[in-house]
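First comes the structure, then the notes that go with it.
We number each residue from 1, following the sequence as shown.
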Amino acid sequence: MTSLNGRPARAVLQEIARRAMLARGLAPEFSAAALAELAAIRGPAAGDAVRDLRALPWCSIDNDDSRDLDQLSVAEATTPGATRLLVAVADVAAVVRTAGALDEHARQNTTSIYTAAEIFPMLPERLSTDLTSLNPDQDRRAIVVAMEFTSDGTLERSEVFEAMVRNRAKLAYDSVAAWLEASGPMPAAIAAVPGLADNLRLQDRMAQHLRATRHERGALSLETIHAQPVFDGNALMDLVPDRTNRAKHLIEDLMIAANGVVARYLAERGFPSLRRIVRTPRNWARIVTLAADHGSRLPAEPDARALGEFLLRARTADPERFPDLSLSVVKLIGPGEYVVEAPGGSAPGHFGLAVKDYAHSTAPNRRYPDVITQRLVKAALAGQPAPYQNGDLALLARHCTEQEDAVKKVERQVAKSAAAILLAPHVGETFEALVTGAADKGTWVRLTQPPAEGKLVGGHEGREVGQRIRVQLVYVDIERGFLDFIGLRGDGSGPQRHP
């Protein structure tokens with residue numbers, strides 16, 4: 001939709017986003033004090049007294065339009081069959097001082113907020129997309145996690161240190177995935193760096209080993225649909241699903257490994273840490289029932305490996321409906337949260353990833369817990385006391401968990417409003433849809449295209465989850481993001497004007 005009552009769709013969504021943020025205690029704008037502090041920063045952090053790793057063929061892989069580059073990766077073959085993987089993380093803590101105005105804004109929001117019409121960065125763009133971003137062909141200071149693996153993905157040794165790095169190629173998920181899967185050409189940025197193609201293939205092989213090892217321990221394969229808006233200028237043109245792919249898996253697996261190393265590094269040095277956890281599901285009985293509804297049997301007690309095997313079977317049997325099953329499982333498992341692991345303690349692990357030690361540390365331009373972790377790591381490297389006390393960390397952990405929930409609600413609200421804007425001109429038309437929820441509180445459907453969700457306010461009798469039906473759009477509320485449909489009887493295909 002080009003405009004809404006004469007106003008560009010993007011502007012309408014930006015206003016909805018700002019109102020939603022303010023209502024949930026989030027700051028859409030940086031304070032005058034934060035901007036003054038930003039103006040006083042003259043350049044990126046210097047690289048005095050750190051290792052010089054700029055000659056390595058580092059690369060970043062992120063979304064096509066990402067400019068806040070948090071991490072680089074590179075691989076080195078060592079002894080036959082063994083591989084050394086290095087992950088470099090932008091040294092944000094070297095620039096953003098504790099308790100300053102920039103730190104206060106980051107602490108308030110705790111993360112960058114990605115709404116359908118606008119990104120509200122945790123740190124000003126001059127930092128997150130420039131001075132603290134690992135941009136191509138720029139010397140940058142970083143925290144490096146080096147890991148040596150055997151051929152089967154077993155971690156033999158690791159170290160954490162400070163270094164100067166230089167990004168040799170800024171790559172994008174989709175084009176790298178197509179190349180790795182032999183369904184697309186080699187990206188030009190890879191071909192331009194001698195040896196980078198072989199290096200990425202080595203990273204990919206090791207990432208697949210790491211993923212296989214985690215799945216053997218019970219890591220879950222989940223896939224939910226996230227609709228991404230497509231704009232032409234300020235006009236909202238479409239919503240398209242954001243799918244996972246092999247390059248996303250590569251980065252995900254390397255970051256999980258690096259985050260585990262950082263968590264153990266702090267523990268070994270007697271430091272407290274913020275851990276990212278997902279508890280063992282309290283709603284396991286309902287997960288068992290859900291699996292039974294899909295023809296599978298799970299044990300009576302929580303078993304991540306059995307659940308993972310069920311999910312793999314379900315994906316193979318019905319890939320089209322698997323995202324909806326995944327979403328149900330995600331909701332029943334429960335959200336992730338931040339907790340403190342005190343020295344000598346034993347915080348719960350991450351049920352979904354099947355890892356015990358896990359600390360968010362690889363995205364400090366975008367997540368505040370990663371900045372906290374980075375400050376702890378830098379203090380440990382320097383032989384200094386921990387910059388946070390256990391009680392302070394506990395308060396920060398609770399705050400980051402609560403704000404993360406608020407951010408998700410804002411992002412969801414704006415995404416729903418974007419779908420409502422896109423579909424507002426189509427009230428009265430019919431669409432193909434999939435029933436995604438059927439309970440006493442209501443029956444819900446997701447359109448095939450665009451992948452927008454709404455409620456059945458009529459014709460919902462006898463509908464079952466997974467059923468394909470035709471629906472008529474009867475009501476749209478853009479501010480609240482509501483879409484109301486009536487379920488129709490009979491067949492037909494594709495959107496059409498309802499008589």
Side-chain angles (χ1 to χ4, degrees), residues 8 10-47 60 62-63 65-71 89-136 138-143 167 231 234 360 362-375 378 387-388 392 395-396 399-400 402-404 406-411 413-414:
R10 189 186 292 275
V12 172
L13 290 172
Q14 288 171 334
E15 290 181 8
I16 291 172
R18 281 175 164 77
R19 286 195 294 271
M21 288 176 66
L22 291 170
R24 298 190 180 278
L26 301 165
E29 308 293 343
F30 292 94
S31 68
L35 294 177
E37 187 176 305
L38 173 66
I41 298 174
R42 300 305 179 192
S60 61
D62 214 311
N63 294 313
D65 56 353
S66 290
R67 296 165 55 222
D68 49 350
L69 305 180
D70 279 301
Q71 70 272 143
V89 180
D91 191 347
V92 172
V95 177
V96 178
R97 62 183 177 87
T98 305
L102 290 170
D103 186 59
E104 174 56 30
H105 181 93
R107 191 204 65 79
Q108 181 175 353
N109 286 2
T110 75
T111 181
S112 294
I113 302 169
Y114 296 87
T115 73
E118 183 177 0
I119 297 172
F120 297 87
M122 185 183 76
L123 297 172
E125 289 190 352
R126 181 168 172 257
L127 294 183
S128 60
T129 68
D130 184 8
L131 301 184
T132 59
S133 179
L134 300 177
N135 290 338
Q138 298 293 321
D139 295 343
R140 289 289 183 264
R141 185 163 177 149
I143 305 297
N167 187 356
F231 282 91
N234 290 321
H360 272 171
T362 55
N365 276 310
R366 316 179 196 193
R367 285 189 310 228
Y368 193 61
D370 303 58
V371 178
I372 295 170
T373 299
Q374 192 167 85
R375 288 172 177 156
K378 287 170 72 71
Y388 298 95
D392 296 331
L395 291 174
L396 284 167
H399 172 73
C400 288
E402 291 170 351
Q403 292 300 81
E404 179 184 60
V407 166
K408 286 181 178 178
K409 287 177 179 175
V410 168
E411 292 174 344
Q413 165 69 55
V414 182

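When the ring-ring contact (aromatic ring centres under 6.0 Å, His included) test is applied to H105, the partners found at least two apart in sequence or on another chain are F30. Residues forming a salt bridge (Lys or Arg N to Asp or Glu O under 4.0 Å) with R18 (at least two apart in sequence, or on another chain): E29, E118. Applying the salt bridge (Lys or Arg N to Asp or Glu O under 4.0 Å) criterion to D70, with sequence neighbours excluded, gives R366.
The minimum heavy-atom distance linking A116 with V414 is given by the pair N-CG1, 3.7 Å. Shown here for N365 and S112, the closest heavy-atom pair between the two residues is O-OG, 4.0 Å. P124 approaches L38 most closely through the heavy-atom pair CB-CD2, 3.6 Å. In plain terms, the two heavy atoms of L123 and A106 that are nearest each other are CD2-CB, 4.1 Å. When all heavy atoms of Q374 and I143 are compared, the closest pair comes out as NE2-CG1, 3.9 Å. Nearest heavy atoms, L134 versus V89: CD1-C, 4.2 Å.
Once rounded to the nearest 0.5 Å, the distance linking CD1 of I113 with CD of Q403 reads 8.5 Å. A distance of 10.5 Å separates NZ of K378 from CZ of R375, quoted to the nearest 0.5 Å. Residue I119 holds its CD1 atom at 7.5 Å from OG of S66, rounded to the nearest 0.5 Å. Between atom CG of residue D68 and atom CE of residue M122 there is a gap of 9.5 Å, rounded to the nearest 0.5 Å. To the nearest 0.5 angstrom, R107 atom CZ is 8.5 Å from C400 atom SG.
Ion pairing between a basic and an acidic side chain is recognised when a charged N comes within 4.0 Å of a carboxylate O; E37 and R97 show such pairing.
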request  = Carefully, step by step, assess N109 and M21 under the rule side chain to side chain contact (heavy atoms under 4.5 Å, CB included).
outcome  = CA-CA 9 Å; N109 286 2; M21 288 176 66; 4.2 Å; yes
request  = Show your reasoning for whether side chain to side chain contact (heavy atoms under 4.5 Å, CB included) applies to L396 and Y388.
outcome  = CA-CA 10 Å; L396 284 167; Y388 298 95; 3.8 Å; yes
ask   = Given K408 and E411, is the salt bridge (charged side-chain N to carboxylate O under 4.0 Å, His left out) satisfied, shown in steps?
value = CA-CA 5 Å; K408 286 181 178 178; E411 292 174 344; over 6 Å; no
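Between the side chain of N135 and the backbone N or O of Q138 there is no donor-acceptor pair closer than 3.5 Å. Remark: side-chain polar atoms of S133 are paired, donor with acceptor, to backbone N or O of R67 under 3.5 angstrom.
A heavy-atom distance below 4.5 Å is not found between the side chains of T132 and P364. P44 has its side chain out of reach of V95: every pair of non-hydrogen atoms, C-beta onward, lies at least 4.5 Å apart. Within the 4.5 Å cutoff, the side chain of H360 has no heavy atoms near those of the T373 side chain. Annotation: side chain of L131 is in contact with side chain of I41 (closest heavy-atom distance under 4.5 Å). Side-chain contact check for T115 versus Q413: every heavy-atom pair is 4.5 Å or farther apart. Residues E404 and R367 have side chains not in contact (no heavy-atom distance under 4.5 Å, counting atoms from C-beta outward). Contact of the Y114 side chain with the V407 side chain is not registered, since no non-hydrogen atoms from C-beta on lie closer than 4.5 Å. Side-chain contact between L127 and L102 is present, with at least one heavy-atom pair separated by less than 4.5 Å.
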